[in-house]
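For reference, the structure is listed below as C-alpha cells.
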Amino acid sequence: MRRGARWAAVAAALSAAPVVAAPVRDARLAALAARLFPSLAGHVPALAARDARVSACAQAPACVVAAAILRDEEREALAMAAATHGDDVRREVDGLNEVLRVYGVGKLPRYPLIDGSDEPFGSTGFAAKVADAVWLASAQQRDPATGGDVSLSLALALLDVNDKDAAVAFEPLDRRYNAPALARAKTLDWARWRYTAILALGVGPEDPATPLSARGKLNVRMAAERHAAGEAPFIIVSGSAVHPRDTPHVEALEMRRALIERYGIPPEAIVVEPYARHTTTNLRNATRRLVALGAPLDRDMLVISNVPHIDAIASPAFVERNSRELGYQPAAIGPRIAPTAIAVRASRLSLRVDPADPLDP
C-alpha cells in the first residue's frame, strides 16, 4: 500500500472510531474548589446511595439538584473517612449543600439583597440557570477539580452559571496587591507602633455609578490621619463589591486608590482585603492579612468607621452575630478610642475556612 493510501486508511479509521474527550483542567474551577472546598476537592469517596438518586433523575434538573444534596449520614460518612480533619469536611459539606439549596432549589440566602440568583425563584430564568448548571456539571465531572463527584461538580457549576466566583476574583491576592507591604513587614520592629494596623471599613454607596461613598471617603481620611500620626505601620482597607447589588466598584480597591492619590500614602503601607462583605468578615479577613504580614496577634488593631458602625461593633449584638454567622469571635472587642475608632484583638480562629458563604469564604 502506498504511503498516501495508508494514511488515508488511518484517517478513515480514526474518523469512524468514537471520540472520547480527554479530561482538561479548568483553572478557575480548580481555584474555586480549592478555596471553598479544600478538603473535598478532587477526592470525595464514592457515595452509592447519592449516585443512585441522581441516576434515577434521568437528568431532570430540579430532581438532580435535590438528589445531589448530601444527607446527614452521607455527611458523616465523608467526615469519618477524612479522620483527622472530619470537622473541616462537615463544614464544607454544609457549605456545598447551602450552594445547592440557594442557587439550585431557591432557598432564601442569609443576605438576599446581596446573594442568591439574579433570576427570581420560580421564574423561567431561574429554571434555565439550573438546567444549564446540570449540563455544565455533567460536562466537567472528569475535571480533576471535581474528582468525578456529582455534588461538588454541580455546586461549582451553579456558582459558575450565576457568575458567583468572587471568592477567587482577586487571587493571588498578596502577590497582586500586597507584595510591597509584605516585603516591608519583614523589616519591621512591631514594638514601635501602638497598633499593628488601622483597619478602614468600607461603606458602600447607594448607586452603582459612585466608586466611593461619602462615608467611605471619611473613613479613608480618618485612617490617613491616624497613619500620619504614627499609630500603625499599615492601613488595611477592607470591603468587596457589595452595595448596591452588582456594583462594579470594590470598596477596598477604591479606598486604596484614594489613600494613594489623595493622601500620598505609599503602597507599601497599604494592605488590600477585597473579599469581606459584612462587618463580621471585615474583622475575620483583616486577621488573615495580619497573619500573612507576620504581625503579632497579641497586639491590638484599630478599627475605623462612622459612629453608627462603631456603635454596632461595640454592642453585645455584634458578639451574638459573630457566634451565629461565623460560629466564633474573629476578634476580642477592646476599648473605644474615639466615637469613630475601637481597638480589637484578632483571633487565630479567623483562619478557619467557612464555605457556607460562597462569595466570602
Side-chain angles (χ1 to χ4, degrees), residues 170 173-174 177-178 180-182 184-185 188 190 192-205 210-243 249-290 292-293 295-297 299-314 318 330-331 333-346:
F170 307 99
L173 176 61
D174 286 334
Y177 297 103
N178 297 327
L182 287 167
R184 178 177 173 232
L188 289 185
W190 293 92
R192 288 181 51 200
W193 285 274
R194 182 178 180 186
Y195 303 107
T196 54
I198 298 160
L199 173 59
L201 301 183
V203 183
T210 301
L212 188 60
S213 71
R215 289 190 176 186
K217 292 175 181 177
L218 175 61
N219 289 359
V220 167
R221 171 174 281 279
M222 291 189 296
E225 289 174 343
R226 288 189 174 272
H227 180 266
E231 294 193 1
F234 298 106
I235 298 173
I236 300 177
V237 286
S238 178
S240 191
V242 184
H243 299 291
H249 301 295
V250 179
E251 293 168 354
L253 298 184
E254 296 301 336
M255 288 191 289
R256 178 184 185 271
R257 188 196 315 277
L259 285 169
I260 293 171
E261 295 180 356
R262 299 178 64 153
Y263 298 101
I265 305 297
E268 59 267 25
I270 303 171
V271 177
V272 174
E273 191 296 292
Y275 287 114
R277 299 178 303 137
H278 317 292
T279 309
T280 54
T281 49
N282 284 135
L283 270 60
R284 181 196 69 184
N285 294 359
T287 298
R288 295 174 178 178
R289 302 279 53 81
L290 288 176
L293 290 167
L297 297 189
R299 304 273 304 283
D300 286 345
M301 172 173 57
L302 189 66
V303 182
I304 298 291
S305 193
N306 58 75
V307 175
H309 204 173
I310 299 299
D311 285 344
I313 294 172
F318 186 63
I333 308 303
R336 191 158 184 173
I337 307 303
T340 55
I342 191 167
V344 303
R345 185 70 59 89

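Heavy-atom basis, side chains included; hydrogens, waters and symmetry copies ignored.
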**Asked** Going through the checks in order, is the side-chain contact (heavy atoms from CB on, under 4.5 Å) test met by Ile236 and Met301?
**Response** CA-CA 10 Å; Ile236 300 177; Met301 172 173 57; 4.3 Å; yes
**Asked** Can His309 and Arg215 be said to form a side-chain contact (heavy atoms from CB on, under 4.5 Å), step by step?
**Response** CA-CA 11 Å; His309 204 173; Arg215 289 190 176 186; over 6 Å; no
**Request:** Using the side-chain contact (heavy atoms from CB on, under 4.5 Å) rule, take Asp311 and Val307 through it: C-alpha gap first, then chi angles, then the decisive distance, then the call.
**Result:** CA-CA 6 Å; Asp311 285 344; Val307 175; 3.7 Å; yes
**Request:** Dump the intermediate steps for side-chain contact (heavy atoms from CB on, under 4.5 Å) on His249 and Thr210, then the final yes or no.
**Result:** CA-CA 8 Å; His249 301 295; Thr210 301; 6.0 Å; no
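With values rounded to the nearest 0.5 angstrom, Arg289 atom CZ is found 9.0 Å from Tyr275 atom OH. Note that the CD1 atom of Ile304 and the OG atom of Ser238 stand 13.5 Å from one another [nearest 0.5 Å]. How far NE2 of His227 is from CG of Leu302: 12.5 Å, rounded to the nearest 0.5 Å. If you take CG on Asp174 and CD on Glu273, they are separated by 10.5 Å, rounding to the nearest 0.5 Å. The distance from atom CG of Asn282 to atom OG1 of Thr280, rounded to the nearest 0.5 Å, is 7.5 Å. The structure places CG of Asn219 at 10.0 Å from CD of Glu251, a figure rounded to the nearest 0.5 Å.
A cation-pi arrangement, defined by a distance under 6.0 Å to the six-membered ring centre and an angle within 45 degrees of its axis, is present between Arg184 and Phe234.
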Which side-chain N or O atoms in residues 193-204 pair as donor and acceptor under 3.5 Å with protein atoms at least two apart or in another chain?
from   : atom 1 : to     : atom 2 : distance (Å)
Thr196 : OG1    : Asp300 : O      : 3.4

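Residue Arg221 qualifies as open at atom CZ: its count of foreign heavy atoms under 6.0 Å is 12 or below.
Nearest approach of Glu254 to Pro211, heavy atoms of both residues: CG-O, 3.3 Å. For Pro274 against Ala252, the heavy-atom pair with the smallest separation is CA-CB, 3.9 Å. Taking all atoms of both residues into account, the shortest heavy-atom contact from Pro233 to Leu188 is CB-CD1, 3.8 Å. Nearest heavy atoms, Phe318 versus Leu283: CE2-CD2, 4.0 Å. Across Ile337 and Ala343, no two heavy atoms sit closer than the pair CG1-N, 4.2 Å. Closest approach of Leu212 and Met255 over heavy atoms only: CD1-CG, 3.8 Å.
Two residues are said to be in side-chain contact when any heavy atoms from C-beta on lie closer than 4.5 Å; Val237 and Tyr177 fail this criterion. The shortest side-chain heavy-atom distance between Met222 and Asn306 does not fall under the 4.5 Å cut-off. With contacts defined as side-chain heavy-atom distances shorter than 4.5 Å, the pair Thr287/Arg284 does not qualify.
With hydrogens and angles ignored, the 3.5 Å screen pairs a side-chain donor or acceptor of Arg299 with a backbone N or O of Trp190.
Checking each of Leu293, Leu290, Ile235 against Val271 for a side chain to side chain contact (heavy atoms under 4.5 Å, CB included) leaves exactly one that passes, namely Leu293.
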